[in-house]
Amino acid sequence: MKIKMIDFKIMGDERGSLIALEEHHNVPFDVKRIYYIFGTKKDVRRGYHAHRDLKQLAICISGSCKFLLDDGKNKQHIELNSPTHGLLIEGLIWREMYDFSDNCVLMVLADNYYTANDYIRDYEQFLQESLK
Ligand code: TYD
């Protein structure tokens with residue numbers, strides 16, 4: 001499955017911690033878009049889509065949440081619970097996000113602008129395209 005965890009270097013001192021994200025350094029793509037999900041209500045599950053051609057790096061900068069990742073053959077559950085690492089998702093992968101903590105802020109960097117056509121929102125369609 002085309003996913004990878006990236007650990008970020010923490011620049012810490014007696015005041016606390018700082019992480020810097022830089023395209024083509026610790027973010028392995030052009031960053032065209034950043035969005036974040038917050039204030040997620042209890043028991044909400046969201047996502048339910050795959051992208052045809054998009055690279056994304058998801059970082060839980062506050063709190064925690066879980067990802068279900070599915071490439072059509074294998075499924076994997078990953079918890080993000082630290083601002084010190086990010087989940088890189090490339091290729092055709094169905095994703096669902098769930099178990100958001102009250103204080104969760106899930107930030108996502110993407111290598112392209114929002115394009116509705118890039119989304120596959122139907123699971124059967126995703127399975128068909130993932131077999132190609
Ligand atoms: P949606 O795709 O439903 O979020 P999720 O995949 O997390 O369930 O997005 C919610 C709304 O926000 C939907 O109307 C599309 C819009 N949106 C943008 O306009 N730009 C973006 O970058 C994203 C991710 C969503």
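Computed from a predicted structure; not experimentally measured. When a ligand or atom number is given, it counts from 1 through the structure's own listing order.
- For Arg33 and Tyr113, the positive end is not near the middle of the six-membered ring at less than 6.0 Å and at most 45° from its axis.
- Residue pairs meeting the side-chain hydrogen bond (donor to acceptor under 3.5 Å, both in side chains) criterion with at least one member in residues 50-64, sequence neighbours excluded, are Tyr35-Gln56, His49-His51, His51-Asp118, Arg52-Glu129, Gln56-Arg95.
- When heavy-atom distances to ligand 1 are checked against 4.0 Å, the residues falling inside are Arg33, Tyr35, Ile37, Arg46, Gly47, His49, Met97, Tyr114, Tyr119, Arg121, ordered by chain and number.
- In this structure, Tyr48 has its ring center at least 6.0 angstrom away from the ring center of Tyr98.
- Sorted pairs that involve residues 2-34 and meet ring-ring contact (aromatic ring centres under 6.0 Å, His included), not counting sequence neighbours, are lacking altogether.
- Under 4.0 Å is where a charged nitrogen must lie from a carboxylate oxygen, and between Asp71 and Lys73 no such pair does.
- Here Tyr123 pairs with Asp70 under the side-chain hydrogen bond (donor to acceptor under 3.5 Å, both in side chains) rule; sequence neighbours left out.
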